[in-house]
Number of protein chains: 2
Amino acid sequence: MLTFRDTEYSCTSEVTLSLISGKWKILILSFLAKGTLRFNELQKLVPDATQRMLTLQLRTLEKDGLIARTVYAVSPPKVEYTLTEFGQRLVPMLSMLCRFGADYVEAHGSTAPEPQA
Amino acid sequence: MLTFRDTEYSCTSEVTLSLISGKWKILILSFLAKGTLRFNELQKLVPDATQRMLTLQLRTLEKDGLIARTVYAVSPPKVEYTLTEFGQRLVPMLSMLCRFGADYVEAHGSTAPEPQA
DNA sequence: CCGTATCCCAAGAGATACTG
DNA sequence: CAGTATCTCTTGGGATACGG
């Protein structure tokens, strides 16, 4: 049992989960894992996220120290997002989650494998 | 992009997340990783979960094939829960999530480490 | 002992419109 | 270009009571 930022967790793994749960966070992190991106590039890569949601998720990731936001004082505005060192550390974990998920879907995908007749 | 059980996922890691997100699932899985448990044993181990919530989480985990439920036709009733093979496979991942979370809390815990005076 | 049923609330997320 | 501001709706979870 631990308290972290006014929230109670029964295991530190729940802290990790709280960092990456959010409709578009995994997608965002995956793309940023390949390199720095601007806001509108992310928008194109995650077209189903509304501008509002994309911003919200980015703000949370930034506040949590997983990504860094750099604003260039130019016109038109230019903002870049990158993974922080901690964000980088997350990448191999995302891969594991991916692999497990893929295995799971393959095993449970075709719902109820017919017993060989 | 994939559809699995009427839900859209942009990455298989999101499938994995959906399997383990739930207020008490990680805790339940962690305890079951150490061995089979009866319902009321779980209740004592997870006292903050209401009976209803505990049941709900267990039902979901069962439906998702991560735990198995065995009912013994005795009086008073006796029900046992165990990890399935797939549930076992989850265990090392939970450990990784734990370790990352612990690192994270340690690094970000004492909010703004004072520059050594 | 091991649940289910009902009611309620708060957080997360979508749609849409506006701005420096 | 890169955001805020509202408003609404759905979902997860809590409280409580009852049943085989």
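A, B, ... follow the sequence lines: proteins, then strands. Residue 1 opens every chain.
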T3(A) (side chain) donor-acceptor with D6(A) (main chain) under 3.5 angstrom: no
Touch class at under 4.0 angstrom, heavy-atom based, for Y72(B) against every strand present: nothing
Atom of T84(A), atom of A68(A) and distance for their closest heavy-atom approach: CG2-N, 3.8 Å
Heavy-atom check, side chain of L2(B) versus side chain of E8(B), under 4.5 Å: no
Of all pairs that satisfy salt bridge (Lys or Arg N to Asp or Glu O under 4.0 Å), the ones with a partner from residues 59-77 of chain B, not counting sequence neighbours: R5(B)-D64(B)
Range on DNA chain C touched by chain B, heavy atoms, distance below 4.0 Å: dC1(C) to dT6(C)
Proximity to DNA chain D (any heavy atom under 4.0 Å), residues of residues 25-55 of chain B only: T50(B), R52(B), M53(B)
Verdict with supporting geometry, L37(A) and I28(A), side chain to side chain contact (heavy atoms under 4.5 Å, CB included): CA-CA 10 Å; L37(A) 288 172; I28(A) 293 172; over 6 Å; no
Proximity of H108(A) and F4(B) rings by center, below 6.0 Å: no
Aromatic ring pairing Y104(B)/F86(A), orientation class (parallel under 30°, perpendicular over 60°, tilted between): perpendicular
E14(A) side chain to S10(A) side chain, donor-acceptor N/O pair below 3.5 angstrom: yes
Residue-level proximity of residues 58-68 of chain B to DNA chain C when a heavy atom falls under 4.0 Å: R59(B)
Residue whose nearest DNA chain C nucleotide is more 5′ - S21(A) or P77(A): S21(A)
Q51(A) CD to Q43(A) CD distance, which is reported to the nearest 0.5 Å: 4.5 Å
Polar contact flag, side-chain donor to acceptor under 3.5 angstrom, E80(A)-T70(A): no
Sugar-phosphate only, base, or nothing, as touched by Q57(B) at under 4.0 Å among non-hydrogen atoms: sugar-phosphate
With a 3.5 Å cut-off and sequence neighbours excluded, list the donor-acceptor pairs that the side chains of residues 88-102 of chain A form with protein atoms.
unit_1, atom_1, unit_2, atom_2, d
R89(A), NE, E85(A), OE2, 3.2
R89(A), NH2, E85(A), OE1, 3.4
S95(A), OG, V91(A), O, 3.2

Flag, side chain of Q57(B) to backbone of L54(B), donor-acceptor distance under 3.5 Å: no
Nearest heavy-atom neighbours spanning V46(A) and L27(A): CG1-CD2, 3.9 Å
Opening and closing nucleotides of DNA chain D in contact with chain B, under 4.0 Å to non-hydrogen atoms: dG13(D) to dG20(D)
